[in-house]
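Input: a single structure, listed below in structure tokens.
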2 protein chains.
Amino acid sequence: MLRLSKLTDYAVVVLIRLGEVDRVAPACVQTSPGLSAGTGVPEPTVAKVLKALAGASLVSSQRGARGGYRLMRPLTEITVADVIIAVDGPIALTACVDGSSVGCDVSSVCAVKGRWDLVNAAIQDSLAAITLADMRMASVPLAFRVPAESALLASAAE
Amino acid sequence: MLRLSKLTDYAVVVLIRLGEVDRVAPACVQTSPGLSAGTGVPEPTVAKVLKALAGASLVSSQRGARGGYRLMRPLTEITVADVIIAVDGPIALTACVDGSSVGCDVSSVCAVKGRWDLVNAAIQDSLAAITLADMRMASVPLAFRVPAESALLASAAE
DNA sequence: GTCTTTCCGGACCGACTGGGTCCTGATTGA
DNA sequence: TCAATCAGGACCCAGTCGGTCCGGAAAGAC
């Protein structure tokens with residue numbers, strides 16, 4: 001299917017949201033419930049996504065009261081490939097890439113052994129060339145996307 | 001995960017196999033059992049793959065006794081994107097691409113609406129730039145890959 | 001020192017889909 | 001007429017993904 005997991009989709013949305021809030025209220029952490037409200041993604045799922053992103057050092061987490069998440073790099077320095085790798089693991093179209101022929105029981109017969117690497121590398125390159133800043137929809141102002149968004153932002157900016 | 005389905009993997013193997021046999025014995029059809037033996041892919045699965053490929057006009061099928069399958073284009077004119085589309089349907093990383101926002105219940109909030117098209121197009125371009133001839137492993141002679149391969153080929157060449 | 005808030009880690013479940021099998025019918029050549 | 005082969009559908013099983021829940025740990029507030 002060559003389909004991306006929904007988690008990755010959510011991760012991009014959440015990261016862009018973090019980036020926009022950071023632009024309005026810099027150095028302000030965002031909690032997962034807040035990010036859930038701001039993106040429409042269910043809260044436990046946001047938490048799961050954020051955990052993966054924190055593991056990949058794309059966001060930093062702060063525990064305790066008034067804790068939350070914050071971007072570690074600007075959106076212009078985060079590529080789509082970074083996000084995919086953080087959430088779904090290394091990009092591997094088939095089981096045969098990166099030399100690990102484990103699980104391939106026909107490797108002795110396989111006529112394309114090792115050649116998926118070619119395709120894999122091509123895709124990886126195109127993904128690494130697109131940053132989240134490229135994907136942000138600049139035309140829609142933040143305040144118009146969510147009801148009570150402005151109130152939420154105002155409280156976050158304090 | 002950004003993973004390709006196994007069916008697509010098999011399809012590439014089968015197509016390359018068809019291309020190599022065609023080079024040795026041109027204008028000779030291959031049956032699915034024969035292709036199964038030549039690729040190590042289970043026979044019913046080969047049949048399923050071939051059906052999809054025939055539907056996309058990548059191979060032509062001939063019914064009846066001494067029927068079988070044959071390439072409709074040389075490997076140099078079949079791209080990886082062609083195969084993926086034939087087997088798995090149109091390349092669509094997320095549910096949001098190609099404008100069909102069906103199934104996306106947060107489209108009103110979504111900050112990246114329509115922006116996955118960018119990524120999708122990039123991937124599609126890189127896949128359309130790689131042909132099956134690029135993926136063929138030229139260094140391994142056909143006859144060395146399958147036991148009794150030469151016998152099989154000899155009978156096919158009649 | 002205690003309490004609240006928030007992150008962390010794991011377990012768990014339902015639904016979907018991909019991979020594989022089987023069967024019946026249609027078509028073609030011997 | 002018969003045998004060989006493709007065509008198409010129904011079906012099942014297993015793996016994975018998306019989503020939920022729970023208890024525990026850390027950090028700040030009171």
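Every chain is numbered from 1, with letters handed out A, B, ... down the list of sequences. Here the structure is a predicted model, which is why all the values come from computation and not from measurement.
- Here the side chain of B/D134 pairs a donor or acceptor atom with the backbone of B/T131 at under 3.5 angstrom.
- In this structure, B/L7 atom CG and C/dG20 atom C1' are separated by 9 Å, rounded to whole Å.
- OP1 and OP2 of D/dT5 both lie 4.0 Å or more from every side-chain N or O belonging to B/S32.
- Counting only distance, with no hydrogens or angles, the side chain of B/T8 and the backbone of B/L4 share no donor-acceptor pair below 3.5 Å.
- For D/dA7, the OP1/OP2 oxygens have a side-chain nitrogen or oxygen of B/S61 closer than 4.0 Å.
- The distance from atom CG of A/L35 to atom P of C/dT6 is 12 Å, rounded to the nearest whole Å.
- A pairwise comparison of heavy atoms in B/G67 and B/T31 identifies O-CG2, 3.6 Å as the closest pair.
- Checking C/dC7, D/dG18, D/dC6 against the side-chain heavy atoms of B/P33 singles out D/dC6 as nearest.
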Below 3.5 Å between N/O atoms, which protein atoms pair up with nucleotides 28-30 of chain C? Just atom names and distances, please.
unit_1	atom_1	unit_2	atom_2	d
C/dT28	O2	B/A65	N	3.3

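- Not counting sequence neighbours, the partners of B/R73 by the salt bridge (Lys or Arg N to Asp or Glu O under 4.0 Å) test are B/D82.
- Residues satisfying the side chain to side chain donor-acceptor pair (under 3.5 Å) test with A/S36, not counting sequence neighbours, are none.
- A/I16 is not connected to A/M72 by any chain of hydrophobic side-chain contacts under 4.5 Å among Ile, Leu, Val, Met, Phe, Trp and Tyr, and they are in different clusters.
- A/I85 and A/I130 fall within a single hydrophobic cluster, where Ile, Leu, Val, Met, Phe, Trp and Tyr are joined by side-chain heavy atoms under 4.5 Å apart, directly or via other members.
- Nearest to the side-chain atoms of A/Y69 among the listed nucleotides D/dA7, C/dC7, C/dG19 stands C/dC7.
- In the region residues 42-53 of chain B, proximity to DNA chain C at under 4.0 angstrom, judged on heavy atoms, holds for B/P42, B/P44, B/T45, B/K48.
- A sub-4.0 Å separation between OP1 or OP2 of C/dG20 and a side-chain N or O of B/Y10 is present.
- When the side-chain nitrogen and oxygen atoms of B/T31 are compared with OP1 and OP2 of D/dA4, none of them lie within a distance under 4.0 Å.
- B/A56 pairs by the side chain to side chain contact (heavy atoms under 4.5 Å, CB included) definition with B/L58, B/A86, not counting sequence neighbours.
- Qualifying side chain to side chain contact (heavy atoms under 4.5 Å, CB included) partners for B/L127, counting only residues two or more places apart in sequence or in other chains: A/L2, A/V119, A/I123, B/V80, B/A81, B/I84, B/I91, B/I123.
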